[in-house]
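Since the structure comes first, as structure tokens, the remarks are kept for the end.
Labels below follow one simple rule: chain letters A, B, ... track the order of the sequence lines, proteins then strands, and each chain is numbered from 1.
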Protein chains: 2
Amino acid sequence: MAKPDTRPLKDQVVSEAFKVIAEAGVEALSLRAIAKRLGVSHQAPYKHFASRDHILAEVVARSFESFATHLEARPRSENGFEDLGFMGRAYLEFAMTHPLQYRLMFNTALPDIDDHPKMLAKSQRSFSILHDRLQTIPLSDLRDGLDQPAKHDAMFIWATLHGCCSILNSDVAKTLPLTDQDKADTMDRMMRRLSMALGALDAESSNGKA
Amino acid sequence: MAKPDTRPLKDQVVSEAFKVIAEAGVEALSLRAIAKRLGVSHQAPYKHFASRDHILAEVVARSFESFATHLEARPRSENGFEDLGFMGRAYLEFAMTHPLQYRLMFNTALPDIDDHPKMLAKSQRSFSILHDRLQTIPLSDLRDGLDQPAKHDAMFIWATLHGCCSILNSDVAKTLPLTDQDKADTMDRMMRRLSMALGALDAESSNGKA
DNA sequence: TCCGCCAGGTTGACAGCGTCTACTGAATGC
DNA sequence: GCATTCAGTAGACGCTGTCAACCTGGCGGA
């Protein structure tokens, strides 16, 4: 027997929306369905949120928060490259275990950021975790004369990680004959190639961990 | 004065849907709006498509087709690595000039593939262009014992390219202070890091083209 | 020539959606 | 004790995709 939820309706709405999106994706989010499930009229949520987008922004912000928390909670290492590897693993882990939440954050047409400063702040924090970590790691110099190498390398690493899980979780991947083992292998190889790209691993010296 | 479109309604519907998606994204696709714009009743398209998803699948298939065509039309090189580089450029080029179409193919919840074999075939062709090209290039051996290295390396390259333009075009990127120059720089650096990852470029020898 | 079929168009209806407006009742402040 | 404000309800509007019934012009066969 479920105990009745005594939290303010505002919190209940966000929780319920979060649950719906995690289970069925953002397309399935319906204000009226949520209101019905919470046992209130279809207009009640409007007393707490100006529009559907405002609820969505709240869920997105919350998703970024738990994503950042997951990254911070990775195993730590004194060795910068190893630590970066842990972060990469944590990134992939989150994306593969929370695919719809991940898709919501990175693959969706989000509400206008100007209207939702909280969402903006939470999303920026996720990127700065990666960027800050990179600052203290001696990556191989590419001598391409860019003035903010850490920023571009952060983008590169992010892009690779994102691309990997985004593709593996995408509908397009379903069009390819990929087993779960294939996916795991792809992630492993990607992590090794990533190490090579950053100058942390030679082709010759690699038959195990990065 | 626009000449009246004399093609079968079926073609007109697909063209119009394609146009809407390229201009305003898949969320803006409305059957009734299309019918109105074509000057027919809202039910007319149903004589040619079983549902909205069937129209969508047609547009997706067409998008994959033009994507593959764009990849095939890249400048060619006898040098395998250079040719791969051209392909990467062509990939980024398409994604940056057709952002909504790209997003449709790779970042959208697509119609069920089992119901749309044509869409499936067109999407597989895009991947096989990359995969086939890789087969004849001597990439650095990672000695990780995977039995289909080309497949996993194709996934890696695809993931990196996809991640790059997916992120640069995503709404999340708008939350970061990125100028157009930054984006171009990120793409350049990514292409160089990609070369390094594949063993085609040393850190020391790189201050120009890959 | 007439009949029937049928592909391709029409109109009308339905449920679901987000959102606007108006109303109600309870709590709060002066 | 009255006014204001907050939280929730109820109904309507226009939009969506989809189902059903109806109409119509052209074609094939008798």
Work out which heavy atom in Met119(B) is nearest to a heavy atom in Ile113(B); give both atom names and the distance.
CE-CG2, 3.8 Å
Tell me which residues in residues 14-27 of chain B put a heavy atom below 4.0 Å from DNA chain D, sorted by number, or none.
none
Please report the distance, rounded to the nearest Å, between CG in Leu56(B) and P in dG17(D).
11 Å
Taking the six-membered ring for Trp, are Phe64(A) and Phe106(A) ring centroids under 6.0 Å apart?
yes
Go through His98(A) and Tyr102(A) one step at a time and tell me if the ring pair (Phe, Tyr, Trp, His ring centres under 6.0 Å) criterion holds.
CA-CA 6 Å; His98(A) 307 85; Tyr102(A) 184 84; 10.0 Å; no
Rounded to the nearest angstrom, tell me the gap between atom CZ in Arg52(B) and atom P in dC15(D).
17 Å
By nearest atom, which of the nucleotides dG18(C), dG17(D), dT11(C) is closest to the Leu31(A) side chain?
dG18(C)
How many whole angstroms separate atom OH of Tyr46(A) from atom C1' of dC23(C)?
19 Å
What nucleotide among dT10(C), dG17(D), dT16(D) has an atom nearest to a side-chain atom of Val40(B)?
dT10(C)
If only atom types and distance count, is the side chain of Asp171(A) paired as donor or acceptor with the main-chain N or O of Leu110(B) below 3.5 Å?
yes
Considering non-hydrogen atoms only, spot the tightest contact between Val14(A) and Val59(A) and give its length.
O-CG2, 4.2 Å
Show each protein N/O and nucleotides 4-8 of chain C N/O combination with a separation under 3.5 Å, one pair to a line.
none

Dump the pairs, protein N or O against N or O of nucleotides 12-16 of chain C, anything under 3.5 Å, distances to one decimal.
| residue | atom | partner | partner atom | Å |
| --- | --- | --- | --- | --- |
| dG12(C) | O6 | His42(B) | NE2 | 3.1 |

So Leu29(A), base contact, sugar-phosphate only, or nothing? Heavy-atom distance under 4.0 Å.
sugar-phosphate
Look only at the side chain of Asn169(B) and the backbone of Arg103(B), and say whether a donor-acceptor pair between them is shorter than 3.5 Å.
no
Can Arg189(A) be said to sit on top of Phe156(B)'s aromatic six-ring, NZ or CZ under 6.0 Å from centre and within 45° of the ring axis?
no
Main-chain N/O of Arg125(A) paired with Ser128(A) side-chain donor or acceptor, under 3.5 Å:
yes
Would you tell me whether Arg52(A) and Ser30(A) have side-chain atoms, one donor and one acceptor, within less than 3.5 Å of each other?
no
Heavy atoms, side chains only, cut-off 4.5 Å: are Leu198(B) and Arg193(A) in contact?
yes
Which whole-number value in Å describes the distance from Phe49(B) CZ to dT18(D) C1'?
16 Å
To the nearest angstrom, the NZ-P distance between Lys10(A) and dG8(D) comes to 12 Å
Nearest-nucleotide comparison on DNA chain C, the residue closer to the 5′ end among Ala33(A) and Ala50(A)
Ala33(A)
Can a side-chain donor-acceptor contact be found between Tyr46(B) and His54(B) if the only test is distance below 3.5 angstrom?
no
